[in-house]
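Take a look at the structure below.
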Amino acid sequence: MATDTLNPELHEPSTTSTQPELLVAATLHLMSHYSADGGCVKLASVIQRHLKALAALPEAAPILRATCLQLSEQWEGVVERTLPQPDKFKRFSKLLLGARFT
């Protein structure tokens with residue numbers, strides 16, 4: 001059976017907090033999928049939120065929190081650049097049409 005070869009430490013509760021390690025592992029996993037999938041904006045948003053959560057963990061090392069905060073801001077830029085931009089002309093037209101009827 002495949003589970004016989006798994007590390008038993010992964011299945012047993014630990015007395016120390018593993019929250020930062022789990023978030024780091026999950027974030028790295030997501031980042032690898034982002035590059036493989038060609039840049040999905042939803043995935044970039046999830047990566048950004050994971051990094052932000054890591055930056056907010058008080059039990060994480062200060063260097064990890066600072067790095068994650070900086071990376072979170074960079075990924076936020078990726079999300080903003082990747083999102084479809086609203087059609088400025090449509091918004092402008094709606095404003096003009098709305099102003100005529102008031």
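A quick note: this is a predicted structure, and the numbers were derived from the prediction, not measured.
The two atoms that bring Thr67 and Ile63 nearest to each other are OG1-O, 2.8 Å, heavy atoms only. Between Ala60 and Arg65 the shortest heavy-atom distance is O-NH1, 2.6 Å. Residues Ala55 and Cys68 share a closest heavy-atom pair of N-CB, 3.9 Å.
Contacts classified as ring pair (Phe, Tyr, Trp, His ring centres under 6.0 Å) and involving residues 45-76 (residues at least two apart or in different chains) are given here: Tyr34-Trp75.
Here Leu43 contributes atom CG and Ser32 contributes atom OG; the two are 8.5 Å apart, rounded to the nearest 0.5 Å. The structure places CG of Leu54 at 13.5 Å from CZ of Arg49, a figure rounded to the nearest 0.5 Å. A distance of 11.0 Å separates OG1 of Thr27 from CD of Gln48, quoted to the nearest 0.5 Å. Interatomic distance, CD of Glu21 versus CG of Leu64, reported as 8.5 Å (0.5 Å rounding). A distance of 10.0 Å separates CD1 in Ile47 from NE2 in His33, rounded to the nearest 0.5 Å.
Put simply, the side chain of Leu51 does not reach to within 4.5 Å of the side chain of Leu23, judged on heavy atoms. Inter-residue side-chain proximity for Glu76 and Val79 is flagged as unmet; no heavy-atom pair is nearer than 4.5 Å.
A search for side chain to side chain contact (heavy atoms under 4.5 Å, CB included) contacts involving Glu73 returns Leu69, not counting sequence neighbours.
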